[in-house]
Number of protein chains: 2
Amino acid sequence: MDNRSIGVFDSGLGGLTAVKEIMRRFPNENIVYFGDTSRVPYGTRSKETILKYTHSDIRFLLSCDVKMIVIACGTASSAALPEIKTEFDVPIYGVVDSGAYEAARVTKNNRIGIIGTPATIKSGAYNKYIAGYNPDAETFEKACPLFVPLVENGHFNTPVTKLVIDEYLADIKKAGVDTLIMGCTHYPLLKEAIAEYMGDDVTLVSPGEEVAKFLEKKLNSENSHSEEKDKDQYRYYVSDCIESFEELGGIFLETKINGKVNRIDIEKY
Amino acid sequence: MDNRSIGVFDSGLGGLTAVKEIMRRFPNENIVYFGDTSRVPYGTRSKETILKYTHSDIRFLLSCDVKMIVIACGTASSAALPEIKTEFDVPIYGVVDSGAYEAARVTKNNRIGIIGTPATIKSGAYNKYIAGYNPDAETFEKACPLFVPLVENGHFNTPVTKLVIDEYLADIKKAGVDTLIMGCTHYPLLKEAIAEYMGDDVTLVSPGEEVAKFLEKKLNSENSHSEEKDKDQYRYYVSDCIESFEELGGIFLETKINGKVNRIDIEKY
């Protein structure tokens, strides 16, 4: 057993989709979450900047004495994790491997769509993992840079969102995929609109949820489950405004987090 | 005369609308531009974070030995400039005062619309200046958080942009304004679509252009024009990827800037 917290970070709010699933599966685990809200979004930045930000996010979480780190950000998992994986003393897991594994497992016609931020799509990370798990699978990718701002502005299933979905997903739909990886942890908030557009026959994979399944295996095999909840079982840190994170974070997690969020200066890490 | 450069900064590319006008009006002035592309956007962040970023942007420009600083960013001009104006040894001018002055001057029915980022609208800065110049003017504001991502993704006059414009501007149009301040330096790239929506009777004010008129007065009254162009008359600095700034910056300025852009680490300032 290991009662230390699981550290989770994302560029902003999206990573809470992973946190929610970790909470559901492991009621005794302690969690420290960091949302880099003063530097969000990551997905439209260069690889060099994403690497720099990922380094500082990890250094902050290490200062919280975590037993492992989950990068609940599609962009940092794709563009930074492969290079920095071995630089730190704690295990670091991203959402890409788990998402690719699930998509490769559930596809029946071996046609998989991948949507994500420009940096995620440019990295080709999902393709590499999918090719490893299912060499017969063919992939169809599309960068969707407007999805994050749409989500962050509450446009979950509006006429604007529908029009942008049509712009981004028309080719993938035409390609006849039966599985679509929502390769950015913001995208599950567009799930209803995306599912409506893609139709009932297409399975949507949410890597933020899949990584929680992967953690289950890890915690079991390493016998590192927590057996004791801390007094503050869930701690949230952000690099910008607490209030807006409390409000939107509550929507993501479907529970109030007011009073549990602290602000840090991430540029010091 | 003063041959030192004019320093200009913005959260990203938008400030180049001001730079273009300064170049046009003052062919002998030397310009140093900084675009904070690793931390863009500013307009959805808290006042505290905007203040912090503005401080470091100014410190960087001061390290380039500038004679004055133009904040060509609606958000930093609104949310930060009033508080930091007197902290530094060089004069610092924002786009809000000039934009408000022009709107107050051209309105005939004293009904002025103001659109900007959430931080700009929240600051109430335009209203304060307009009230000073024209106490009879009534203002109608709207935050337009999706306009910056639309511009940054090349959605200048698409069906998506038109739909978002209708969402944001319907009430202002209904209010019968005859003048609309495009209170974010990104917005002039949506000018065609906004003008089409608002109709011919509405005058669009672009504060980034207006600030250049204001500089004319300042340079004249202080006799601080430049009489000699530097070898590198125009220098551009960014905090993220050079290539994408060269490409999009060229579109803003309608001239190639390849090879003239350098990258700095803004977190060190």
Side-chain angles (χ1 to χ4, degrees), chain A residues 11-13 36-53 55-56 79 117-119 122 143-155 158-168 186 238-246 248 263-269, chain B residues 11-13 36-53 55-56 79 117-119 122 143-155 158-168 186 238-246 248 263-269:
Chain A
S11 61
L13 282 157
D36 193 6
T37 51
S38 73
R39 303 190 297 193
V40 69
Y42 284 8
T44 48
R45 308 207 192 277
S46 69
K47 184 177 173 180
E48 199 179 333
T49 295
I50 296 163
L51 271 167
K52 183 182 162 191
Y53 290 177
H55 271 119
S56 59
T117 65
K122 196 177 169 193
C144 306
L146 283 171
F147 278 179
V148 170
L150 284 171
V151 166
E152 299 228 325
N153 290 292
H155 268 269
T158 65
V160 172
T161 302
K162 286 177 206 256
L163 208 55
V164 176
I165 284 175
D166 183 51
E167 176 187 333
Y168 289 152
H186 277 79
V238 289
S239 49
D240 201 352
C241 182
I242 289 174
E243 290 70 24
S244 61
F245 186 86
E246 284 179 339
L248 279 169
R263 181 172 183 160
I264 59 147
D265 183 353
I266 190 61
E267 292 186 2
K268 291 193 177 145
Y269 290 88
Chain B
S11 61
L13 283 156
D36 194 6
T37 51
S38 73
R39 304 189 295 194
V40 69
Y42 283 9
T44 47
R45 308 206 192 281
S46 68
K47 183 177 174 180
E48 198 179 334
T49 294
I50 296 163
L51 272 168
K52 183 182 162 190
Y53 290 177
H55 271 119
S56 59
T117 65
K122 196 176 169 195
C144 305
L146 283 171
F147 279 179
V148 169
L150 284 171
V151 167
E152 300 229 321
N153 290 293
H155 268 269
T158 65
V160 171
T161 302
K162 286 176 206 257
L163 208 54
V164 176
I165 285 175
D166 182 50
E167 177 186 333
Y168 289 153
H186 276 80
V238 289
S239 50
D240 201 354
C241 183
I242 289 174
E243 290 71 26
S244 61
F245 186 85
E246 285 180 337
L248 280 169
R263 181 171 181 160
I264 59 147
D265 184 352
I266 191 61
E267 292 186 2
K268 289 189 178 150
Y269 290 88

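Model, not experiment: these values are computed from the prediction. Naming: A, B, ... by sequence-line order, numbering from 1 per chain.
For B/Asp240, the parts lying near chain A are the backbone and the side chain together; criterion is any non-hydrogen pair under 4.5 Å. Neither the backbone nor the side chain of B/Tyr42 comes within contact range of chain A; no heavy atoms are under 4.5 Å apart. In this structure, chain A has no heavy atom under 4.5 Å from any part of B/Ser244. Residue B/Thr158: no heavy atom, backbone or side chain, is found under 4.5 Å from chain A. For chain A, the nearby parts of B/Val40 are the backbone and the side chain; heavy atoms of each come within less than 4.5 Å. At a 4.5 Å heavy-atom cutoff, A/Glu152 makes no contact with chain B through either its backbone or its side chain.
Contact count versus chain B (heavy atoms, under 4.5 Å) is highest, among A/Val148, A/Val164, A/Leu163, A/Asp265, for A/Leu163. Heavy-atom pairs under 4.5 Å with chain B were tallied for A/Ser239, A/Pro145, A/Pro118; the largest tally goes to A/Pro145. When the candidates B/Thr37, B/Asp166, B/Val160 are compared by the number of heavy-atom contacts under 4.5 Å with chain A, B/Val160 comes out ahead.
Note: A/Asn153 CG to B/Glu167 CD = 9.0 Å, rounded to the nearest 0.5 Å.
Nearest heavy atoms, B/Thr49 versus A/Ser38: CG2-CB, 4.1 Å.
For NZ of A/Lys47, the number of neighbouring non-hydrogen atoms (other residues, nucleotides, ligands) closer than 6.0 Å is 12 at most.
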- Query: Going through the checks in order, is the side-chain contact (heavy atoms from CB on, under 4.5 Å) test met by A/Ser46 and B/Arg263?
  - Reply: CA-CA 12 Å; A/Ser46 69; B/Arg263 181 171 181 160; 3.4 Å; yes

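With hydrogens and angles disregarded, no donor-acceptor distance shorter than 3.5 Å links the side chain of A/Arg45 to the backbone of B/Cys241.
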